[in-house]
*Asks:* 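Here it is: the structure, laid out below.
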Amino acid sequence: MSFTDLFIGILFLFLILVAALMLMHQEAIQRQKTEVQVLSERIQQVEAQRDAAPKRPPDQPAFRLGIVFNIYQRAAVFDGGGWTYSRTVRVFRSPDGLCINTVWMRSNLTTAWRPPTPSDDIPTDAQPDLFRKFEPCGLSAAGDQWDSPSETGKLTRITPIIYSGFAVLHKKEGDEKLEMQYRVLGVYDDYFLYPTSSARPG
């Protein structure tokens, strides 16, 4: 055997080895792609099953800030006095029309005229279902009205930033009528936009 034949034989074996390594590398890449595809399909199946599973409804509706306003009042019959600040109210509204009103700040106006709350009306820890209940919004973009044992009132939205009307305080010594205003500080839910306005009050 000549040196040339030996060299050609070694070169041929080397080429076969290189080809075998390339095939093994391609098979490894293909196997990895297949595994990734199978894993991706399994993840998609799990996500589809999760999305199809019935979701537990929330215990409470989602509330978001709707409107904020200051309340001012003065005697219904003008006695020379001006408007007196009463309180600042934030109204939170849910998409299904329920509201939570929270007093953000209150003046030192007396509320001693209000009748005491009967013990039967004071919530206790034995009434967990009562805590989950919310009232439909009494306040709207057009006005507000309420009627309770201690106070009755009705206001109309006359401008984008003013609700105006009257409230009657039911005192022991007799009813007292007051002129009342809500002065809007901000509107954050289109539900409370002024009816004839397409823009939020500035």
Side-chain angles (χ1 to χ4, degrees), residues 50-74 76 83-107 109 111 113-171 175-202:
R50 182 195 63 192
D51 294 340
K55 294 179 176 61
R56 181 176 179 271
D59 292 335
Q60 298 177 356
F63 288 85
R64 63 187 296 265
L65 182 61
I67 189 171
V68 182
F69 51 87
N70 288 336
I71 298 180
Y72 288 82
Q73 63 187 52
R74 67 182 179 183
W83 289 101
T84 301
Y85 168 78
S86 172
R87 56 196 178 274
T88 300
V89 177
R90 293 185 295 183
V91 179
F92 295 83
R93 182 177 179 272
S94 67
D96 54 354
L98 302 179
C99 280
I100 300 175
N101 293 5
T102 63
V103 176
W104 190 12
M105 188 176 298
R106 189 187 299 273
S107 76
L109 289 175
T111 56
W113 57 270
R114 293 178 179 272
T117 302
S119 58
D120 293 344
D121 292 340
I122 299 175
T124 69
D125 58 2
Q127 301 167 298
D129 292 341
L130 183 63
F131 306 149
R132 300 175 183 273
K133 293 182 179 179
F134 301 98
E135 297 296 328
C137 287
L139 176 71
S140 70
D144 190 15
Q145 60 181 7
W146 63 96
D147 189 1
S148 72
S150 61
E151 187 174 316
T152 301
K154 183 176 182 180
L155 284 80
T156 301
R157 185 89 166 266
I158 58 174
T159 74
I161 60 171
I162 296 292
Y163 289 75
S164 182
F166 294 90
V168 177
L169 311 182
H170 306 306
K171 297 184 175 184
D175 289 350
E176 179 184 354
K177 190 174 183 180
L178 297 173
E179 188 176 1
M180 185 174 288
Q181 281 190 357
Y182 296 170
R183 300 181 185 179
V184 178
L185 301 176
V187 176
Y188 307 95
D189 185 332
D190 289 347
Y191 176 81
F192 294 108
L193 283 177
Y194 186 55
T196 60
S197 173
S198 58
R200 298 180 188 277

*Asks:* Under 3.5 Å, side chain of T102 to main-chain N/O of W104, donor-acceptor pair present?
*Replies:* no

*Asks:* Report yes or no: does R64 contribute a side-chain atom to a donor-acceptor pair with the main-chain N or O of Y188 at less than 3.5 Å?
*Replies:* yes

*Asks:* Do we get R183 above Y72's six-membered ring, with its NZ or CZ under 6.0 Å from the centre and within 45° of the axis?
*Replies:* yes

*Asks:* With sequence neighbours left out, what residues match R74 under salt bridge (Lys or Arg N to Asp or Glu O under 4.0 Å)?
*Replies:* E179

*Asks:* Rounded to the nearest 0.5 Å, what separation is found between the CG atom of L139 and the CH2 atom of W146?
*Replies:* 9.5 Å

*Asks:* How far does CD of Q181 sit from OH of Y85, to the nearest 0.5 angstrom?
*Replies:* 14.5 Å

*Asks:* Show your working on side-chain contact (heavy atoms from CB on, under 4.5 Å) between T152 and H170 and close with a plain yes or no.
*Replies:* CA-CA 8 Å; T152 301; H170 306 306; 2.8 Å; yes

*Asks:* With rounding to the nearest 0.5 angstrom, report the CG to OG1 distance, D144 to T156.
*Replies:* 10.0 Å

*Asks:* Can you tell me how far apart CG (D189) and CG (L65) are? Round to the nearest 0.5 Å.
*Replies:* 9.0 Å

*Asks:* How many angstroms lie between atom CD1 of I100 and atom CZ of R90, to the nearest 0.5 angstrom?
*Replies:* 11.5 Å

*Asks:* Using the rule given for side-chain contact (heavy atoms from CB on, under 4.5 Å), can you reason through M180 versus L155, listing the C-alpha separation, both sets of side-chain angles and the distance that settles it, and then say yes or no?
*Replies:* CA-CA 8 Å; M180 185 174 288; L155 284 80; 4.2 Å; yes

*Asks:* Just so I know, are the side chains of V184 and F192 near enough to count as touching, which here means a heavy-atom distance under 4.5 Å?
*Replies:* no

*Asks:* Look up atom OG in S86 and atom CD in Q73, then write down how far apart they are to the nearest 0.5 Å.
*Replies:* 4.5 Å

*Asks:* Would you sort out whether T88 and I71 count as a side-chain contact (heavy atoms from CB on, under 4.5 Å), showing the intermediate values?
*Replies:* CA-CA 6 Å; T88 300; I71 298 180; over 6 Å; no

*Asks:* Start with the C-alpha distance between L169 and D175, add both sets of side-chain angles, then the distance that settles side-chain contact (heavy atoms from CB on, under 4.5 Å), and finish with yes or no.
*Replies:* CA-CA 5 Å; L169 311 182; D175 289 350; over 6 Å; no

*Asks:* Only counting residues at least two apart or in another chain, list the ones meeting ring pair (Phe, Tyr, Trp, His ring centres under 6.0 Å) with Y163.
*Replies:* Y182

*Asks:* Tell me, please, whether Y194 has R157 positioned over its six-membered ring: NZ or CZ under 6.0 Å from the ring centre and within 45 degrees of its axis?
*Replies:* no

